[in-house]
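Notes follow once the structure below has been shown.
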Amino acid sequence: SQQGEEDPQALSIQEGENATMNCSYKTSINNLQWYRQNSGRGLVHLILIRSNEREKHSGRLRVTLDTSKKSSSLLITASRAADTASYFCATAAIGNTGKLIFGQGTTLQVKP
Amino acid sequence: EAQVTQNPRYLITVTGKKLTVTCSQNMNHEYMSWYRQDPGLGLRQIYYSMNVEVTDKGDVPEGYKVSRKEKRNFPLILESPSPNQTSLYFCASSSPRTGRTDTQYFGPGTRLTVL
């Protein structure tokens, strides 16, 4: 079953602009995580936000979580060409402590 | 260097020929997991393991087996591979200090083609 749904599926912006990606999920969660994947490579963890947190920052990344709407957003500020990658949200549902469900991802292209 | 390693990285095989993809981590993680990634479907969890000798099914376990005899290793076994198992496979592990489904550390991936 698909837990995380991401929007948009693809995003193309110019260097220096901000990029926003959204993730929606269906069930109550323990935490929500964002990962980045460069073409065909392994995923790299970016940031984790717990269900009792509303916002978290890491460098140029800002993640918000709205548990009432079952949604999260990832904002990348002042994007760089090196940010070109696919971005995935993943949710850890309450009660299923071993399962992690990924969304289908947003493909971001940052043009120099 | 802390890492998750997978072998082989690329494999082309034929239907029905048993194969094993190895996964090893050197971070003393309790939790390990296998995922497959297919275009348009994202990553889907195959199996996971909370600790040695403890394994559980993910969302797509059919056609796969796993074992966890040692903490560092979590091999994925395809007893009779079929073409629909052609995919990119990732192994991941997680630190016991931060919870079982916290930050996942991913291996580089194994691209499997079943003819």
Side-chain angles (χ1 to χ4, degrees), chain A residues 1-10 21-53 56 58 61 63 85-107, chain B residues 2-6 9-10 23 25 27 29-51 54-61 66 68 74 87-112:
Chain A
S1 60
Q2 201 68 18
Q3 170 79 314
E5 299 289 338
E6 295 180 61
D7 169 58
Q9 289 190 344
M21 291 159 254
N22 303 296
C23 170
S24 61
Y25 56 92
K26 295 186 174 71
T27 62
S28 295
I29 60 171
N30 185 335
N31 66 66
L32 186 145
Q33 305 168 37
W34 285 91
Y35 289 84
R36 185 182 80 187
Q37 183 183 35
N38 290 91
S39 180
R41 294 177 181 258
L43 280 74
V44 175
H45 179 261
L46 295 176
I47 199 163
L48 179 152
I49 187 165
R50 301 195 186 278
S51 59
N52 61 352
E53 297 175 311
K56 210 163 181 181
S58 177
L61 305 180
V63 168
S86 292
Y87 293 82
F88 295 87
C89 69
T91 52
I94 291 175
N96 289 324
T97 54
K99 285 193 174 183
L100 195 63
I101 298 178
F102 283 79
Q104 294 181 4
T106 293
T107 299
Chain B
Q3 60 183 349
V4 178
T5 57
Q6 294 179 229
R9 295 289 313 281
Y10 302 90
C23 172
Q25 50 92 6
M27 295 170 279
H29 287 172
E30 286 183 352
Y31 177 92
M32 297 185 74
S33 183
W34 275 102
Y35 301 87
R36 59 177 290 173
Q37 184 176 27
D38 302 289
L41 296 177
L43 274 85
R44 294 177 292 168
Q45 193 173 34
I46 303 171
Y47 269 96
Y48 61 94
S49 168
M50 303 284 223
N51 211 328
V54 180
T55 62
D56 264 304
K57 296 178 181 179
D59 284 330
V60 288
V66 292
R68 187 90 183 273
F74 191 44
S87 188
L88 179 58
Y89 290 87
F90 289 101
C91 179
S93 69
S94 181
S95 167
R97 293 167 299 186
T98 58
R100 297 180 177 92
T101 45
D102 273 15
T103 303
Q104 304 272 300
Y105 294 84
F106 279 81
T110 295
R111 190 168 291 279
L112 172 66

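Lettering follows sequence order; numbering is per chain, from 1.
- Of the two parts of B:Tyr105, neither the backbone nor the side chain holds a non-hydrogen atom closer than 4.5 Å to a non-hydrogen atom of chain A.
- With a 4.5 Å cut-off on non-hydrogen atoms, A:Leu43 touches chain B through its backbone and its side chain both.
- Atom CZ of B:Phe106 and atom NE2 of A:His45 lie 10.0 Å apart (nearest 0.5 Å).
- No more than 12 heavy atoms of other residues, nucleotides or ligands lie within 6.0 Å of CD in A:Gln9, so this atom counts as exposed by the packing criterion.
- Within the 4.5 Å cutoff, the side chain of B:Tyr48 has no heavy atoms near those of the A:Leu100 side chain.
- Closest approach of B:Lys57 and A:Lys99 over heavy atoms only: O-CE, 3.5 Å.
- Listed by chain and number, the residues in a side chain to side chain donor-acceptor pair (under 3.5 Å) with A:Thr106 amount to none (sequence neighbours excluded).
- In terms of heavy atoms, B:Leu43 sits closest to A:Phe102 at O-CB, 3.6 Å.
- For the pair A:Tyr35 (side chain) and B:Gln104 (backbone), a donor-acceptor distance under 3.5 Å is present.
- Under the rule for a side chain to side chain donor-acceptor pair (under 3.5 Å), the partners of B:Gln37 that lie at least two apart in sequence or sit in another chain are A:Gln37.
- Rounding to the nearest 0.5 angstrom, the gap separating the CG atom in B:Asp38 from the CD atom in A:Gln104 is 11.0 Å.
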